[in-house]
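Keep in mind that what you see is a predicted model, and the values were worked out from it rather than measured.
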Amino acid sequence: LLADEIEGDIELESGDSKAALAKYEAVLLQATSQAPKGDIVAELRRRRAECFHLLDRHDEALVEAKLGITHCRELGDRYEEAATYRVAAMAAASLGRPDEAREFFEQGFTLYEDIETPYEWGRLWMAFGDWLASDLAGAYRDPRLALEAYHAAHYRFESMGANARLADANARIARLSTLLQSGVVTMEPRVAEAAPVVVPSPPRSRASRSREVQRKTEWAAERFSLLTANASIIELLEKVEKLAPSRAPVLVLGESGTGKELIAQALHKLSGRRGEFVAINCATLPREVIESELFGHVAGAFTGATRDKVGLLEVCEGGTVFLDEVSEMSTDLQSRLLRFLESGELRRVGATKVHRVTTRVVAASNREGAELRSGKQFRSDLYYRLANAVILLPALRRRGPADVGLLARHFLERACLEEGKRVTLSDAAIQRLMTHSWPGNVRELKSIMFQHVVLARDGAEIQADDVHFDATATPGSLDEELAQTERRRIEEALRVSNNSKADAARILAMPRTTLINRMKRLGIDPD
């Protein structure tokens, strides 16, 4: 599939949009059946949208781009999401929707500023300039800003040696400059009443970006006890903060070890609720025990029930119950939970009296939302009742290498404090940690850092060769296994080629730009 996708890329770069579209459509058909949640589907949607746009099928281009954006958000793939905003903006502009185009451009610039991708940055600036220089921009038309956009594109393409794109940018600069000098086009923007001109935030200096990232990282640690420098995680935490005061149930989805309980605790802490917070793992207790724990029972309800027992839903009156791995509940217990969520009433096991409580339920599962909605082993009506708000926590490998480094140093410090040692990590060791796929997520990273501190001598510096991973940790899905295989192939090609991306791309039979894109997605440092 990847090879076929690359063939489509070649057709697209060569200017044959029709041939590229045919190739992408064939690949998408297979990809959606084999890896519907994979990043290849998101890539194909963006490329198909671009083909539709170039073939003047702008309605289809916009629909496909929006599907791609939704898929990227589910994956947490901000790089591909940013690239897709560019295509969506161009399609909206061609359909005569300048306000919608402006919004897509602004969203694209926001993401690119976070992830710093020179090539796609350049393409976005170029598309933005084309829009501002044309009548498609409507009230936003601004030749002066268009010229600035072309110069920004020139700088990005020049910095990475993208000579063909650089030539396109220079041609646009020369053409627009000539028109401006001749007076055919004026420098003044066309401003309609109450129609603001789109001016994306200029790229901030590295120092100011660092301060902003540090501020957000400190906010996440203080409010949520969660360490991250990832913009998409910060955005997710901002959503959690807004959801906290509500009484509605919340469903937290994510792989094991991604921090679902931290989110539940934050929802409770930020809600201002005065009741208790209690967590229960539905996968570790038998059905009868969970039922009694949640709803309570009366004396004589079953063998061993010698006295009345108050369930957690009553104990946490005015508080929060966290049901971890709620998808492992038996179906009849799911029915009881659904009734409680709908009515706020519960009846202890063996009792006839009904109690009304205001306990909030936060549930979590390591299954995907589509699987829960399907109704297989989990009631779809319960899913929709829980899913008033869904928080999707990305896997550690999708949070980027910066988060891995941040967490590794944090857990190292904690382990050193507990063991009474002074142990450090070499830059090479940090790099090795950053390129690992982390199938066990944050929990695996924490375990490994503690293991290394326990085994290290006081004053030691952990080197790359000292870093060993749990051989029993396996990918949780086919997509993860494919990602790990792809990472190993790329790392091996880089090793053989002495980190030459051009040579590695030839070994892997893919364009250099495609290799760099995949390295970014897999958390392999492209520098």
For residues 27-36, pull every pair meeting salt bridge (Lys or Arg N to Asp or Glu O under 4.0 Å), keeping only residues two or more places apart or in separate chains.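 Sorted result for residues 27-36: empty, none.
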How would you list all residue pairs meeting salt bridge (Lys or Arg N to Asp or Glu O under 4.0 Å) that involve residues 23-34, not counting sequence neighbours?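 Sorted pair list: Glu7-Lys23, Glu25-Arg48.
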Compute whether any side-chain donor of one residue and acceptor of the other, for [X] and [Y], lie under 3.5 angstrom apart.
{"X": "Thr228", "Y": "Asn230", "answer": "no"}
{"X": "Tyr140", "Y": "Asp99", "answer": "yes"}
{"X": "His436", "Y": "Glu444", "answer": "yes"}
{"X": "Glu255", "Y": "Asn366", "answer": "no"}

Going by salt bridge (charged side-chain N to carboxylate O under 4.0 Å, His left out), name the residues that satisfy it together with Lys66, two or more places apart in sequence or in a different chain.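 Result, salt bridge (charged side-chain N to carboxylate O under 4.0 Å, His left out) vs Lys66: Glu100.
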State, yes or no, whether a side-chain contact exists between Phe224 and Leu267 at a heavy-atom distance under 4.5 Å. no
Is there side-chain contact between Leu237 and Arg223, with heavy atoms separated by less than 4.5 Å?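 No, their side chains stay 4.5 Å or more apart.
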Using ring pair (Phe, Tyr, Trp, His ring centres under 6.0 Å) as the criterion, list what pairs up with Tyr24, not counting sequence neighbours.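 In terms of ring pair (Phe, Tyr, Trp, His ring centres under 6.0 Å), with neighbours along the sequence ignored, Tyr24 is linked to no residue.
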Ring pair (Phe, Tyr, Trp, His ring centres under 6.0 Å) involving His154 - partner list, sequence neighbours excluded: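 Once residues adjacent in sequence are excluded, His154 has no partner under the ring pair (Phe, Tyr, Trp, His ring centres under 6.0 Å) criterion.
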Return yes when atom CD of Gln377 has more than 12 non-hydrogen atoms of other residues, nucleotides or ligands closer than 6.0 Å, and no otherwise.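 Open.
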Think Arg156 forms a cation-pi with Trp121, using NZ or CZ under 6.0 Å from the six-ring centre and within 45 degrees of its axis?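 Yes, cation above the ring, under 6.0 Å and within 45°.
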So, do Tyr85 and Phe109 have ring centers that fall under 6.0 Å from each other?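 No - the distance between ring centres of Tyr85 and Phe109 does not fall below the 6.0 Å cut-off.
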How about Tyr155 and Trp125: are their ring centroids closer than 6.0 Å? no
With Glu81 as partner, the option from Arg46, Arg45, Arg73 fulfilling salt bridge (Lys or Arg N to Asp or Glu O under 4.0 Å) is Arg73
Going by side-chain contact (heavy atoms from CB on, under 4.5 Å), name the residues that satisfy it together with Ala370, two or more places apart in sequence or in a different chain. Lys37, Arg373
